[in-house]
Each structure stands twice: as C-alpha cells, then as structure tokens.
Amino acid sequence: MAFRYPSGKKYAASSASTISSTNKSFGNRGMSLEQDLNETNIYYQSTGQCVIHKKPTPVQIVNVDYPKRSAAKITEAYFKQPSTTDYNGIYRGKYIDFEAKETRNKTSFPFNNIHVHQAEHMKAVMKHEGIAFLIIRFSKHNQTYLYDASHFSWWYFEQSDRKSIPKDDIERNGHLIPEGYIPRLDYLSTIDKIYF
C-alpha cells in the first residue's frame, strides 16, 4: 500500500509509520515502543491515572480492492495533512503532548526522525504552558528516555551545526523511564518528577 503526504511525496506503508516495528528490549518481549506506550496508556486509563491516546493519522482512502466482501483491502491512500505528534491527553489538569521515536543509532538521535511541523507543534504546546516532550528509545541500548521539548527545540532550531542530538545530552538532560511488566513504561512517574 502506498501513502502520499499533501506535498505529493509517496511513502510505502512500511515507512509511513513513525515508529519502527523492530523487536526490542525488556526481557526480549519483542514489543515496539508504540506497543509499549499503547499498553501503558490502557493501564493508566483503566486505573484512572490519566487520559492519553495515540492520535490517528488523517488518511484519505483513494482505492480499495474488494476480492471478497469480508476482505476489503486498501491499496492506495494519501495523508490528508501532516500529523502533529503521536500522543496527547490530560494528566493532573495539564495538557500532555509527546512524540515517540525509536532509533537504532548508538550515539545520537537523528533529526530526520522528526518533521519540522512536529517540532513547531511541540514549541507551540510549550508556549501555551502544556507539557511537551519526546520519548526516545535507543533500541541497541535497550534504554528509553523522556526528553523535554525545550531541550529538543534548542538542538533542533538553535544548533545549525548538527543533524542530531548526542546521546550523552539525552542521558544528561533526559530521564530514563522505568520499564516493567505493568505498566511497561512508567512515564507518568517520570513526568511527576520533572513537571510536578
């Protein structure tokens, strides 16, 4: 299946996802970052801790193949508009907005993982006193960090020399998220330490 952004640029379905589906980490359970976060959010909601959802990507379906009535298959679709970040919601009366990314890079987080409109969106959330951050997983190290959007914005908008954020800065200014069974990624405990 092929997707197209409003600019007309074409992406294969496998690269349209913002999250890598590589196997990973805690106890080799073979979960991607997105799966970990989705299961964590289900747990948080079921225990009444917060309401945070993955935002759907707005897609315009163009072509559908109907080999059987019960087996319709989308064969062509276009992104209606660039999406903002992956997740948003509310926690302890504050608006929460974040992007989740995995990288196989061992020493840095490349900027090509984030689109300009996503970086600008996080900046706008901060301007309106919402909580904006990235959750970055270094899959080779089995480490997942919460990295505040203010640090990310400085690297992304102010540093013209680099095309990535060094991992040591993410280790220094970010916060390692505890991993476990339930919840898989306890990012709310990290948010409590940083923002409340």
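All figures in this text were calculated on a predicted structure; none of them were measured in a lab.
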Tell me which donor-acceptor pairs under 3.5 Å the side chains of residues 188-195 have, and how far apart each pair is, sequence neighbours excluded?
from: Ser189; atom 1: OG; to: Asp186; atom 2: O; distance (Å): 2.8
from: Ser189; atom 1: OG; to: Asp186; atom 2: OD2; distance (Å): 3.2
from: Asp192; atom 1: OD1; to: Tyr91; atom 2: OH; distance (Å): 2.7
from: Asp192; atom 1: OD1; to: Arg92; atom 2: NH1; distance (Å): 2.9
from: Asp192; atom 1: OD2; to: Tyr91; atom 2: OH; distance (Å): 3.1
from: Tyr195; atom 1: OH; to: Asp148; atom 2: OD1; distance (Å): 2.4

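- No option in Asn41, Leu33, Thr40 other than Thr40 meets the side chain to side chain contact (heavy atoms under 4.5 Å, CB included) test with Arg184.
- Ring planes of His141 and Phe138: perpendicular class, angle over 60° (limits at 30 and 60°).
- Under 3.5 Å, the side chains of Gln49 and Thr47 contain a donor-acceptor pair of N or O atoms.
- Counted by atom type alone, Ser164 and Arg162 present one or more donor-acceptor pairs between their side chains at under 3.5 Å.
- Side-chain atoms of Asp86 and Phe98, non-hydrogen and from C-beta on, never get closer than 4.5 Å to each other.
- Looking at Thr85 and Asp97, their side chains do bring a donor and an acceptor atom within 3.5 Å of each other.
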Full working for side chain to side chain contact (heavy atoms under 4.5 Å, CB included) between Lys94 and Phe196: CA-CA 10 Å; Lys94 291 290 270 183; Phe196 292 100; 3.8 Å; yes

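- Counting heavy atoms from C-beta outward, Tyr95 and His128 have side chains that stay 4.5 Å or more apart.
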Stepwise side chain to side chain contact (heavy atoms under 4.5 Å, CB included) test for Tyr147 and Glu99: CA-CA 10 Å; Tyr147 191 64; Glu99 181 68 14; over 6 Å; no

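- Taken to the nearest 0.5 Å, the CZ atom of Phe133 stands 12.5 Å off from the CE atom of Met126.
- For Tyr187 and Tyr44, the ring centers are positioned less than 6.0 Å apart.
- Taking His121 as the reference, nothing meets the ring pair (Phe, Tyr, Trp, His ring centres under 6.0 Å) condition, with sequence neighbours excluded.
- The backbone N or O of Leu185 sits nowhere less than 3.5 Å from a side-chain atom of Glu179 that would complete a donor-acceptor pair.
- A cation-pi arrangement is absent between Lys101 and Phe109 under the rule of less than 6.0 angstrom and at most 45 degrees off the ring axis.
- Between the side chains of Asn173 and Tyr145, no donor-acceptor pair is found at a separation under 3.5 Å.
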